[in-house]
Amino acid sequence: MWIELLEQSLELGLAPRSWTDYLYLTVGGTLSNAGISGQTFKHGPQISNVLQLEVVTGRGEIIKCSPSKDADLFNAVLGGLGQFGIITRARILLQEAPQKVKWVRAFYDDFSFFTMDQELLVSMPDLVDYAEGFIVLNEQSLRSSSIAFPANVDFSPDFGTKNNPKIYYCIEFAIHDYQNKNTNGEQVVEVISSQMNHTVSQLYSVEVSYFDFLNRVRMEEMSLRSIGMWEVHHPWLNMFVPKAGIGDFRDLLMDNISPDSFEGLILIYPLLRDKWDANTSVVLPDPGSSDHRVMYVVGILRSANPDDGCSHHCLQELLVRHRHIAATAGARLGAKQYLAYHSTPSGWQEHFGRRWERFAERKARFDPLRILGPGQGIFPRRPLSNDDDAAYGSSAT
Ligand SMILES: Cc1cc2nc3c(=O)[nH]c(=O)nc-3n(C[C@H](O)[C@H](O)[C@H](O)COP(=O)(O)OP(=O)(O)OC[C@H]3O[C@@H](n4cnc5c(N)ncnc54)[C@H](O)[C@@H]3O)c2cc1C
């Protein structure tokens, strides 16, 4: 798990550069998707920070691959949804770990200012080490997102009424503080925040250890576990949205959720296309005519609380809503699902779009019997034939 890698590497004063928000995930699991968080704008997703992999392919071969050796297998497996091989070792880029992190939150009541400032932050990779953001839909979303953030947040806005809700936005950014290098995190925060357009006096800054910052979701997990809200269903939808469509996506989202009763978190933050390698298996929206460097990830991270009446029927309704959002955003805005789910092989083909042929060709090469990852429903299992015997030579039984 990434948490174990963090603990081990910190003993040497080092740490990986690119993270997920939650660290109790396996290295092989996140590299099979992409691995994104607030560092992705700066260092790329986790799949852009791998030097070498050891993979057991669907043909049963154990292969060490890298950008310069068996590069096609290396690229196939990164973001490959477990379709081509099982990652058994990974060599990950490390950097010097900072001792402390300046962690800042700023609140907005205007979506355009919110996204404008997020894009400002990701245009300053020399100063900023982490940038994310979320929608503040109701009191609960304000409270639950503040569990790990140890500041006295004095923000109690008017959320309007059920029929006329008011929503807010929060940008979160962080700056690494290498205390042995005479850096002044406080000053850097001032330089950055003086250029931002957040609501007056609604900027909060705290200093925490690097470990606590990276492991912040664990604290939320513990709190949710203590009230029995961790082991509930989590109907989640994650989408990559082109910059040109992010305002429309927000409107689509608001047409399909009830802010007053939403339980969970909606993350929104920008990523930069040029930090992603187009040779990997990951699927991003086509840049389109605007060819813009910025795209957004939006994570609708719901909890379905059975104690509040959200059991089977309600859960099915939420899933239908999410599929509607995904289909509409795909057709109208060119958005693509991250951690995708499609119920049919043709849905997957549409998801991959012009990259489908390469994905299918890689499957035929690295896992011709379609042994790996059948649960994704991308490649239906098929019966063995004489051709398969030939493909496997004498080792096929
Ligand atoms: C609480 C939580 C928070 C999350 N936060 C983030 C986040 O911030 N950013 C982000 O990018 N993702 C996030 N994710 C999603 C996460 O990246 C995926 O769920 C990932 O699959 C998790 O890895 P796992 O160890 O749980 O894999 P599993 O759920 O065990 O596997 C998922 C898929 O990966 C494949 N797979 C797993 N291990 C390997 C391997 N060794 N080799 C090849 N294929 C493999 C499996 O075939 C399967 O298809 C989060 C998930 C959870 C549950």
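What's counted below: heavy atoms across the whole structure, side chains too, no hydrogens, waters or symmetry copies. Note that ligands are numbered from 1 as they come in the structure, with each ligand's atoms numbered from 1 the same way.
In Tyr338, the part holding a heavy atom less than 4.0 Å from any atom of ligand 1 is the side chain. Counting heavy atoms under 4.0 Å from ligand 1, residue Leu372 does not touch it at all. Under 4.0 Å from ligand 1, not a single heavy atom of Trp2 appears. With a 4.0 Å cut-off on non-hydrogen atoms, Asp21 touches ligand 1 through its backbone as well as its side chain.
Closest protein heavy atom to atom 47 (O) of ligand 1: Gly82 CA, 4.0 Å. When only non-hydrogen protein atoms are considered, atom 53 (C) of ligand 1 lies nearest to Leu25 CD2, 4.1 Å. The protein heavy-atom contact nearest to atom 36 (N) of ligand 1 is Ser32 OG, 3.7 Å. Counting protein heavy atoms only, atom 31 (O) of ligand 1 is closest to Gly29 CA, 4.7 Å. Looking only at heavy atoms of the protein, atom 17 (O) of ligand 1 is closest to Thr30 CG2, 3.7 Å. Nearest to atom 41 (N) of ligand 1 among the protein's heavy atoms is Ile87 O, 3.0 Å. With respect to atom 24 (P) of ligand 1, the closest heavy atom belonging to the protein is Thr26 OG1, 3.8 Å.
Scanning both residues, Gln202 and Tyr204, for their nearest heavy atoms gives OE1-OH, 2.6 Å. Nearest heavy-atom pair, Met124 versus Ile192, reported as atom, atom and distance to 0.1 Å: CE-CG2, 3.8 Å. Of all heavy-atom pairs spanning Leu142 and Pro157, the tightest one is CD2-CD, 4.2 Å. In terms of heavy atoms, Ser37 sits closest to Tyr130 at OG-CE1, 4.0 Å. Heavy atoms only, all atoms of each residue included: Ala15 and Ser9 are closest at CA-OG, 3.6 Å. Here the closest heavy-atom approach between residue Ile268 and residue Gln118 is recorded as O-NE2, 2.9 Å.
Near Leu339, meaning under 4.0 Å from one of its heavy atoms, ligand 1 places the atoms 15 (C). Close contacts between ligand 1 and Leu81 involve ligand atoms 49 (O) [criterion: under 4.0 Å to a heavy atom]. Short contacts between ligand 1 and Gly35, defined as distances under 4.0 Å to a heavy atom of the residue, involve ligand atoms 11 (O). Against a heavy-atom cut-off of under 4.0 Å, Gln376 is close to the following atoms of ligand 1: 48 (C), 49 (O). Within the listing of ligand 1, atoms 18 (C), 20 (C), 21 (O) sit less than 4.0 angstrom from a heavy atom of Asn33. The atoms of ligand 1 that sit less than 4.0 Å from any heavy atom of Tyr22 are 1 (C), 2 (C), 3 (C).
Under the 4.0 Å distance rule, the nearest protein heavy atom to atom 28 (P) of ligand 1 falls outside the cut-off. In this structure, atom 44 (N) of ligand 1 has protein heavy atoms in its sub-4.0 angstrom surroundings. Within the 4.0 Å cut-off (strictly below), a protein heavy atom is located near atom 10 (C) of ligand 1. Within 4.0 Å of atom 21 (O) of ligand 1, at least one protein heavy atom is present. In this structure, atom 39 (C) of ligand 1 has a protein heavy-atom contact shorter than 4.0 Å.
Note on ring orientation: taking the six-membered ring where Trp is involved, the planes of His351 and Trp348 are perpendicular (angle over 60°, cut-offs 30° and 60°). Using the six-membered ring where Trp is involved, Tyr178 and His176 have ring planes that are perpendicular, over 60° apart on the 30 and 60° scheme. Note: Tyr22 and Trp230 have tilted aromatic rings, judged against thresholds of 30 and 60 degrees for the angle between ring planes.
Side chains of Tyr24 and Glu221: a donor-acceptor N/O pair is absent below 3.5 angstrom, by distance only. Arg250 and Tyr296 share no donor-acceptor pair across their side chains, judged by distance under 3.5 Å alone.
Residue contacts with ligand 1 include Trp236, since one or more of its heavy atoms lies under 4.0 Å from the ligand. In this structure, Gly375 does not count as a contact residue of ligand 1, since none of its heavy atoms falls inside 4.0 Å of the ligand.
Polar contact with ligand 1: present for Ile36 (N/O pair, distance under 3.5 Å).
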- Task: Evaluate side chain to side chain donor-acceptor pair (under 3.5 Å) for Trp2 paired with Thr30, printing each intermediate quantity in order.
- Result: CA-CA 9 Å; Trp2 285 96; Thr30 71; 2.9 Å; yes

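For the atom pair OG (Ser303) and CD (Gln140), the distance works out to 7.5 Å, reported to the nearest 0.5 Å.
Exactly one residue among Tyr269, Phe249, Trp276 makes a ring pair (Phe, Tyr, Trp, His ring centres under 6.0 Å) with Phe240. That residue is Trp276. Screening Val50, Val282, Asn279, Leu73 for a side-chain contact (heavy atoms from CB on, under 4.5 Å) involving Leu78 leaves a single residue, Val50.
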